[in-house]
S.K.: 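Dumping the structure here so I can ask a few things about it.
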Amino acid sequence: MKSKPQRAPVTQVGEYALPHTVGAHLPTPGKAPGWPMINIGQWRIDVTGAVPVWLAEMKVWRHEHLIRMGYDDSEYRRPEFAWTQKNIVHTQMMVEDRYFYDPVAGRYTVDKYLDDLERRFGGIDSVLIWYVYTNIGIDDRNQTALASDLPGGLEGLKQAIADFHRRGVKVFLPTMAWDNGTKGEGVPDWEAVAKLAKLVGADGVNGDTYNGVPRSFRVASEAIGHPLAFQPESVPYADEQLMWNNQSWGRASTEIIPAVSKLKWLEPRHVINIENRWARDRTDDFHYMFFNGIGYVAWENVWGVWNQFTARDGEALRRLSALLRKFSELFVSMDWEPYALTLQQGVFASKFPSPTKTLWSIVNRNEYDMFGEQLVVPHVEGRTYYDLWNGTRLSPRIVDGQAHISLTLETRGYGAVLALESGASVEGLDALLAQMKKYNEVPLQSLSNVWQAIPQKMVEIESTRPAASAPEGMVTIPAADFDFVVGGIEIEGYTWKGLDFQYPWENSARRSHRHRMHVKSFHIDKYPVTNAQFRKFLDASGYRPKDAHNFLRDWVDGAPRKGWEKKPVTWVSIEDARAYAAWAGKRLPHEWEWQYAAQGTDGRLYPWGNDWNTSNMPTQSKEREMPVPADVDAHPQAASPFGVMDLVGNVWQWTSEFYDEHTRAAALRGGSSYLPQTSHWYFPQAYQLDQHGKYLLMAPSKDRAGMLGFRCVVDAG
């Protein structure tokens with residue numbers, strides 16, 4: 001009686017399906033020619049026959065698992081979702097990116113945005129247009145309302161999406177399960193986002209923080225006749241969600257042996273796009289991507305921090321995506337086989353077959369070049385072989401019906417082999433080979449892999465005509481040596497270089513700042529500019545902004561509401577504030593001037609001292625609708641050492657603006673009385689005088705906010 005074959009155990013870890021090779025517990029039933037001994041950590045393992053046994057067991061597990069979940073693959077057979085299986089390079093794009101929207105010309109520049117990506121890494125297949133976080137929560141506008149506040153409103157967004165479509169790029173919109181603290185939409189999220197997507201012509205929805213977008217979104221989109229592709233940020237909690245989540249984001253493994261994507265194994269047509277937003281070196285991501293035949297999230301503008309691909313990573317993605325796109329139908333093959341037989345340690349391959357052609361994707365995990373024979377595959381008479389990566393035809397050594405394939409693999413590089421059965425062809429193959437050959441005239445390792453933060457500048461603020469004494473309503477702040485100590489309260493980013501702001505005395509943006517400086521004397525408004533003062537400005541100047549959306553949104557018939565005269569004016573952009581200041585012979589304060597006027601020279605945490613005291617500010621509101629600001633003189637006990645009032649906890653206040661090649665942002669000071677609940681992702685408060693908020697800027701229509709005002713400064717003579 002024959003003994004029962006030993007099963008190869010399998011570990012499921014999140015999205016990974018890991019053979020126990022990593023722990024050296026894989027069985028070794030029978031010896032087959034060509035299977036080597038390999039070293040993994042402290043173990044030397046005979047992998048003779050191991051992978052075939054593991055693969056057979058994995059196929060059994062997949063079959064049983066799909067039956068148990070009652071799997072229905074109809075969503076992957078729908079023609080309108082066929083594009084998701086070719087969605088290789090995806091990106092999350094901040095609408096504040098100056099390559100997407102030109103704030104000076106006041107227009108969307110989709111072609112400029114896409115041309116830049118094509119030049120640097122070969123372009124994208126889809127884009128997630130991100131208009132919500134990090135600014136959401138500064139007032140009570142919810143995630144759907146913010147889309148309407150983009151320049152040109154929903155018609156402007158619709159045109160931008162049409163521009164992406166003209167270039168063959170699909171478009172996702174975001175939805176946030178956590179946005180339940182701002183003003184309610186009146187309908188469930190799935191109905192609101194489906195309606196929005198239909199209005200603007202979007203193709204899919206990305207579920208931020210979702211572990212699988214719920215089926216209710218599918219039902220809602222079908223009900224209005226606009227089927228959408230869904231793409232959760234994280235691995236679905238339940239594998240059943242694969243049935244209507246056509247795509248997902250994933251995380252790469254970083255082990256020497258690349259893991260198998262569990263979702264890819266269960267449903268090869270489910271394209272995962274790997275997301276690793278803060279990566280400086282993306283080689284591990286790319287190895288995992290190519291080994292599994294999946295996609296990538298080429299995300300560079302991360303919440304306003306420019307995490308650009310290095311030259312090496314950009315070129316690697318260009319070459320990888322060219323192959324993944326060209327052979328997309330093979331990379332979603334239901335018969336793919338990870339851990340195809342390789343002959344050298346540290347080299348791993350996957351096999352993607354069809355009846356007429358087969359592709360092997362290969363990654364070199366070694367820190368050195370690999371030469372010589374790398375693969376051995378069964379040979380069929382009449383089959384031709386191509387080194388896709390280097391763009392040449394191959395002549396394998398044929399021994400006993402086996403083709404031994406020699407390749408040169410760069411240090412931590414890539415390879416790809418195509419086999420065509422007799423009579424088979426690939427349209428455009430010669431052109432692809434020529435292109436790949438040209439690419440590889442420049443080795444990836446010869447390109448720089450050094451990451452550098454891009455420089456940031458502060459917008460200059462022109463001096464005013466000096467005043468010998470404080471103008472009416474202003475307070476004189478004496479000259480002094482001042483310790484300007486402040487840090488950003490961004491929710492994400494740790495202490496990455498490039499985060500927050502770069503002041504003139506710094507050589508890069510960073511979260512924490514400390515600088516001893518001499519501050520010249522100036523005069524500052526005792527209170528924030530009020531509604532009454534701003535109306536006087538409008539009446540006298542005739543000022544009307546070119547982009548008037550949301551301008552003075554809480555006024556009625558062109559005037560403040562009755563009883564609101566002494567409340568701080570809000571719903572004004574930084575451009576509106578500068579216009580008022582220029583009319584008044586004033587300017588906006590430098591951030592350090594605002595802080596010095598609030599803090600004095602003793603480093604106190606609050607204008608009134610070091611102890612938190614809620615009676616010194618308006619009552620904090622945690623309701624879904626934001627409160628009405630308090631009168632500017634409602635809390636005289638909260639005065640700063642110089643007698644400046646209403647600095648903290650009523651409305652945020654504009655100060656300095658910063659910009660780099662891609663993003664503009666303003667330093668907001670003082671915090672507000674609005675604290676939306678249900679999530680820590682809302683724009684965080686900065687009540688302490690050693691904290692500021694970083695507010696991303698796009699256009700006045702979106703930048704204006706219901707809890708954001710300003711005060712002015714005049715230079716002292």
Side-chain angles (χ1 to χ4, degrees), residues 15 87-101 110 113-135 164 169-176 204-210 231-235 247-252 254 271-290 294-318 320-321 324 449 451-454 490-494 496-499 509 660-663 665 681 694 696 698:
E15 73 176 274
N87 187 21
I88 305 303
V89 183
H90 169 75
T91 192
Q92 177 163 327
M93 183 205 68
M94 304 296 291
V95 294
E96 294 87 1
D97 196 304
R98 297 168 62 199
Y99 276 50
F100 170 65
Y101 181 79
V110 171
Y113 177 79
L114 292 177
D115 288 347
D116 174 62
L117 302 188
E118 288 185 1
R119 176 183 59 82
R120 292 190 294 107
F121 58 74
I124 58 175
D125 302 295
S126 69
V127 61
L128 168 57
I129 299 180
W130 191 266
Y131 44 78
V132 189
Y133 178 78
T134 61
N135 289 355
F164 277 114
V169 175
K170 298 293 185 178
V171 176
F172 288 82
L173 299 183
T175 186
M176 290 77 182
V205 171
N206 173 274
D208 181 57
T209 72
Y210 272 105
Q231 179 194 65
E233 178 187 356
S234 301
V235 178
Q247 295 201 252
S248 61
W249 284 8
R251 307 291 186 272
T254 58
V271 174
I272 300 106
N273 295 97
I274 296 168
E275 182 273 317
N276 191 2
R277 68 193 73 175
W278 297 112
R280 302 300 201 232
D281 183 332
R282 304 173 192 250
T283 305
D284 283 336
D285 301 340
F286 291 163
H287 278 180
Y288 178 76
M289 172 184 75
F290 200 47
I294 54 180
Y296 197 70
V297 180
W299 188 359
E300 296 178 290
N301 195 329
V302 186
W303 322 130
V305 179
W306 186 245
N307 188 22
Q308 180 175 325
F309 281 7
T310 63
R312 184 186 304 171
D313 285 344
E315 189 57 33
L317 184 59
R318 182 195 311 280
L320 290 167
S321 61
L324 287 161
N449 207 33
W451 182 90
Q452 289 291 341
I454 59 175
E490 294 90 351
I491 294 169
E492 297 182 70
Y494 306 100
W496 286 109
K497 186 177 182 180
L499 185 72
D660 59 35
E661 186 178 348
H662 284 270
T663 312
W681 300 110
K694 181 181 180 181
L696 301 183
M698 181 189 185

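Predicted model, so just to flag it, every value in this text is computed and none were measured.
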S.K.: Begin with the C-alpha distance, continue with both residues' side-chain angles, and end with the deciding distance and a verdict on side-chain contact (heavy atoms from CB on, under 4.5 Å) for N273 and Q247.
M.R.: CA-CA 8 Å; N273 295 97; Q247 295 201 252; 2.9 Å; yes

S.K.: State, with a plain yes or no, whether a side-chain heavy atom of V205 is found less than 4.5 Å away from one of F172.
M.R.: no

S.K.: May I ask you to decide if the ring planes of H662 and Y99 are parallel, tilted or perpendicular, using 30° and 60° as cut-offs?
M.R.: parallel

S.K.: To the nearest 0.5 angstrom, please state how far the OH atom of Y210 sits from the OG atom of S248.
M.R.: 15.5 Å

S.K.: Side-chain contact, heavy-atom cut-off 4.5 Å: R119 with D115?
M.R.: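 With C-beta onward as the side chain, the pair stays apart.
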
S.K.: Would a distance-only check, ignoring hydrogens and angles, find a side-chain to backbone donor-acceptor pair under 3.5 Å from R282 to T310?
M.R.: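 Not a single qualifying donor-acceptor pair exists.
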
S.K.: If you compare all heavy atoms of V127 against all heavy atoms of I124, which two are closest, and at what distance to 0.1 Å?
M.R.: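 For V127 and I124, the tightest heavy-atom pair comes out as CB-CD1, 4.0 Å.
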
S.K.: Go through the side-chain N and O atoms of W303 and E492 and say whether any donor and acceptor fall under 3.5 Å apart.
M.R.: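 There is such a pair between these side chains.
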
S.K.: I'd like to know whether E275 forms a side-chain contact (heavy atoms from CB on, under 4.5 Å) with Q92, so could you lay out the CA-CA distance, the side-chain angles of the two residues, the decisive distance to 0.1 Å, and finally the verdict.
M.R.: CA-CA 10 Å; E275 182 273 317; Q92 177 163 327; over 6 Å; no

S.K.: What are the two closest non-hydrogen atoms of E490 and K694, and how far apart are they?
M.R.: OE2-CB, 3.2 Å

S.K.: Locate the shortest heavy-atom distance separating I272 from W249; write the atom from each residue and the value.
M.R.: CG2-C, 3.9 Å

S.K.: Is the closest side-chain heavy-atom distance between Q452 and K497 below 4.5 Å?
M.R.: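 They are in side-chain contact.
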
S.K.: Measuring only between side-chain heavy atoms, which start at C-beta, is K170 closer than 4.5 Å to N87?
M.R.: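 No - every pair of side-chain heavy atoms lies 4.5 Å or more apart.
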
S.K.: If we only count heavy atoms from C-beta on, is the L173 to Y131 side-chain gap below 4.5 Å?
M.R.: yes

S.K.: Please check this pair: side chain of D125 against backbone of V89, looking for a donor-acceptor N/O pair closer than 3.5 Å.
M.R.: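 Yes: the side chain of D125 pairs with the backbone of V89.
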
S.K.: For side-chain contact (heavy atoms from CB on, under 4.5 Å), just list the numbers for M93 and N301, CA-CA rounded to whole Å, side-chain angles, deciding distance to a tenth of an Å, and then say yes or no.
M.R.: CA-CA 7 Å; M93 183 205 68; N301 195 329; over 6 Å; no

S.K.: Quick one: sort the W278 and W496 rings into parallel, tilted or perpendicular, breaks at 30° and 60°.
M.R.: parallel

S.K.: Applying the side chain to side chain donor-acceptor pair (under 3.5 Å) test to Y296, which of T91, N276, D285 qualifies?
M.R.: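 Exactly one option meets the side chain to side chain donor-acceptor pair (under 3.5 Å) with Y296, and it is D285.
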
S.K.: How far apart are the C-alpha atoms of I129 and F164, what are their side-chain angles, what is the distance that settles it, and do they pass the side-chain contact (heavy atoms from CB on, under 4.5 Å) test?
M.R.: CA-CA 11 Å; I129 299 180; F164 277 114; 4.1 Å; yes

S.K.: Mind checking the CG-CG spacing from L128 to D208? Nearest 0.5 Å is all I need.
M.R.: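 Those atoms lie 8.5 Å apart.
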
S.K.: Evaluate the side-chain proximity of F121 to E300: yes if any heavy-atom separation is below 4.5 Å, no if none is.
M.R.: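 SC-SC contact between E300 and F121 confirmed.
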
S.K.: Hey, are R280 and N307 close enough side-chain-wise for a donor-acceptor pair under 3.5 Å?
M.R.: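 Yes.
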
S.K.: Where do A252 and D284 come nearest, in terms of heavy atoms and distance?
M.R.: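 In terms of heavy atoms, the two residues are closest at CB-O, 4.3 Å.
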
S.K.: Restricting to non-hydrogen atoms, name the atom on A298 and the atom on L317 that form the minimum distance, rounded to 0.1 Å.
M.R.: CB-CD2, 4.1 Å

S.K.: Within the side chain of N206, is there an N or O that forms a donor-acceptor pair under 3.5 Å with the backbone of P174?
M.R.: no

S.K.: Is R120 reaching over with its side chain to a backbone N or O of R318, donor-acceptor style, under 3.5 angstrom?
M.R.: no

S.K.: Report yes if some heavy atom in the side chain of Y113 is under 4.5 Å from a heavy atom in the side chain of V169; otherwise report no.
M.R.: no

S.K.: Of the non-hydrogen atoms in Q308 and W451, which two are nearest, and what is the gap between them?
M.R.: O-CD1, 3.2 Å

S.K.: Has N135 got a side-chain atom pairing as donor or acceptor with L696's backbone, closer than 3.5 angstrom?
M.R.: yes

